[in-house]
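Working notes for the structure below.
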Amino acid sequence: MALTPIEHELSKLQKFKKNQINHMQNGVRLAGLAGLPLEDLLRQASSARLKLAKRFLRSSRHLMSHRPVLYRDVVSRAYYSIYHSARAVSFLTHPGDDYEEHDKVATGLPLDLPDVEVWRNKIKDARLKRNEADYEPFMVSDPQFKRASATTLSAANDFIVVCSTYLRSKGCNV
C-alpha cells in the first residue's frame, strides 16, 4: 500500500538530525510570528537587501558629485551596490545566504537573469577594482580611478535596474 502524503513526509522527517529539526522549528516560529509564509519572508528579505544596494548606489552618485571627486570611494560604494544587488537576487533564487562571499557572489546569480554571464564578469571586474581602490596604497593619485569610477558606477546603475526588474517578476516589492 502506498504511503499517504503525510506518511511520506513523516518518513523523511524521522531521518532528520537535531540541527535540521531546530532549523525547521525556527522557520515555523518565524512564519507564525510574521503571519506570513516563509516564501513571502524570503521576498521581503531580498527586497530589504536591494534597498541597501540602492543606498550604496545613492552614496556612490553623491561621491561622484563631490569636489574634488572621490574616485576610490565612488568605486567602492558602486561595487557594494552591485554586490548587494547580486545577494538580493541570489538569496531569493537559492534560499539562503550561501553566496555572500565576495568571490562567490556572482556564481549565485540565477541562470534566468538577463545576460547572466555578462553580469558575472562585470561583478568580478568591479570586485577587483574595489579591492584596488580600497587596498592599494601606492597609486600616484585618485584620478587614476576616474575611468574605473565611471565604469563601475555605470554598471551599478544598470545592474540595480536588472535586479529590480528580476525581483519584481518573482513577486518582490522593490
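Quantities reported herein were computed from a predicted structural model and do not represent experimental measurements. Count residues from 1 along the sequence.
Checked against a 6.0 Å centroid threshold, the rings of Phe159 and His84 do not count as neighbours.
Pairing each heavy atom of Ser47 with each of Cys172, the nearest pair is OG-CB, 3.5 Å. When all heavy atoms of Tyr135 and Arg130 are compared, the closest pair comes out as OH-NH1, 3.4 Å. Here the closest non-hydrogen pair linking Ser85 and Ser81 is OG-O, 2.8 Å. Here the closest non-hydrogen pair linking Met24 and Phe16 is SD-CE2, 3.0 Å.
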Working for ring pair (Phe, Tyr, Trp, His ring centres under 6.0 Å), residues Tyr80 and Phe56
CA-CA 6 Å; Tyr80 277 105; Phe56 278 115; 5.7 Å; yes

Stepwise, does the side-chain contact (heavy atoms from CB on, under 4.5 Å) test hold for Val69 with Lys146?
CA-CA 9 Å; Val69 177; Lys146 186 175 185 177; over 6 Å; no

Does Val89 form a side-chain contact (heavy atoms from CB on, under 4.5 Å) with Ser46? I'd like the steps, not just the answer.
CA-CA 7 Å; Val89 169; Ser46 290; over 6 Å; no

Using salt bridge (Lys or Arg N to Asp or Glu O under 4.0 Å), reason through Lys170 and Asp112 one step at a time and then give a plain yes or no.
CA-CA 11 Å; Lys170 302 298 182 185; Asp112 63 338; 3.2 Å; yes

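Considering only heavy atoms from C-beta on, Ile160 stays 4.5 Å or farther from Ile82 through its side chain. Using a 4.5 Å cut-off on side-chain heavy atoms (C-beta onward), Val105 and Arg87 make contact. Side-chain contact between Tyr83 and Ile123: absent, with no pair of heavy atoms (C-beta onward) separated by less than 4.5 Å. Annotation: side chain of Phe91 is not in contact with side chain of Arg49 (no heavy-atom distance under 4.5 Å). Looking at Leu33 and Arg29, their side chains come closer than 4.5 Å, going by heavy atoms from C-beta outward. Using a 4.5 Å cut-off on side-chain heavy atoms (C-beta onward), Glu132 and Val75 make no contact. Taking 4.5 Å as the limit, every side-chain heavy atom of Val116 sits out of range of all side-chain heavy atoms of Pro110. At least one side-chain heavy atom of Ser164 sits under 4.5 Å from a side-chain heavy atom of Lys54.
Annotation: Asp103, atom CG; neighbour count of heavy atoms from other residues, nucleotides and ligands within 6.0 Å is above 12. No more than 12 heavy atoms of other residues, nucleotides or ligands shown are found within 6.0 angstrom of CZ on Arg147. Within 6.0 Å of CG in Leu3 there are more than 12 heavy atoms belonging to other residues, nucleotides or ligands.
Within the model, atoms CG of Asp158 and CG of Leu153 stand 9.5 Å from one another, a figure rounded to the nearest 0.5 Å. Between atom CG of residue Leu92 and atom CG of residue Leu50 there is a gap of 11.0 Å, rounded to the nearest 0.5 Å. Rounded to the nearest 0.5 angstrom, Gln44 CD and Asp40 CG are separated by 7.0 Å. Going from atom CZ of Arg43 over to atom CG of Leu38 covers 10.0 Å, rounded to the nearest 0.5 Å. In this structure, CG on Leu42 lies 6.5 Å from CD on Glu39, to the nearest 0.5 angstrom. If you take CD on Gln20 and CG on Leu13, they are separated by 9.5 Å, rounding to the nearest 0.5 Å.
By the salt bridge (Lys or Arg N to Asp or Glu O under 4.0 Å) test, Lys122 pairs with no residue at all, sequence neighbours left out. Scanning for ring pair (Phe, Tyr, Trp, His ring centres under 6.0 Å) contacts around Tyr99 gives His94, with sequence neighbours left out.
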Please list, one pair per line, the donor and acceptor atoms closer than 3.5 Å that link side chains of residues 58-66 to other protein atoms, with sequence neighbours excluded.
{"from": "Ser60", "atom 1": "OG", "to": "Val74", "atom 2": "O", "distance (Å)": "3.0"}
{"from": "Arg61", "atom 1": "NE", "to": "Asn157", "atom 2": "OD1", "distance (Å)": "3.1"}
{"from": "Arg61", "atom 1": "NH2", "to": "Asn157", "atom 2": "OD1", "distance (Å)": "2.4"}
{"from": "Ser65", "atom 1": "OG", "to": "His62", "atom 2": "O", "distance (Å)": "2.8"}
{"from": "His66", "atom 1": "ND1", "to": "Pro68", "atom 2": "O", "distance (Å)": "2.8"}

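For the residue pair Asp134 and Ser76, a side-chain donor N or O sits within less than 3.5 Å of a side-chain acceptor on the partner.
Under the 3.5 Å distance criterion, the side-chain polar atoms of Thr152 are left unmatched by any main-chain donor or acceptor of Ala126. Without hydrogens or angle criteria, Ser11 side chain to Glu7 main chain gives no donor-acceptor distance under 3.5 Å. In this structure, Ser90 contributes its side chain and Gly108 its backbone to a donor-acceptor pair below 3.5 Å.
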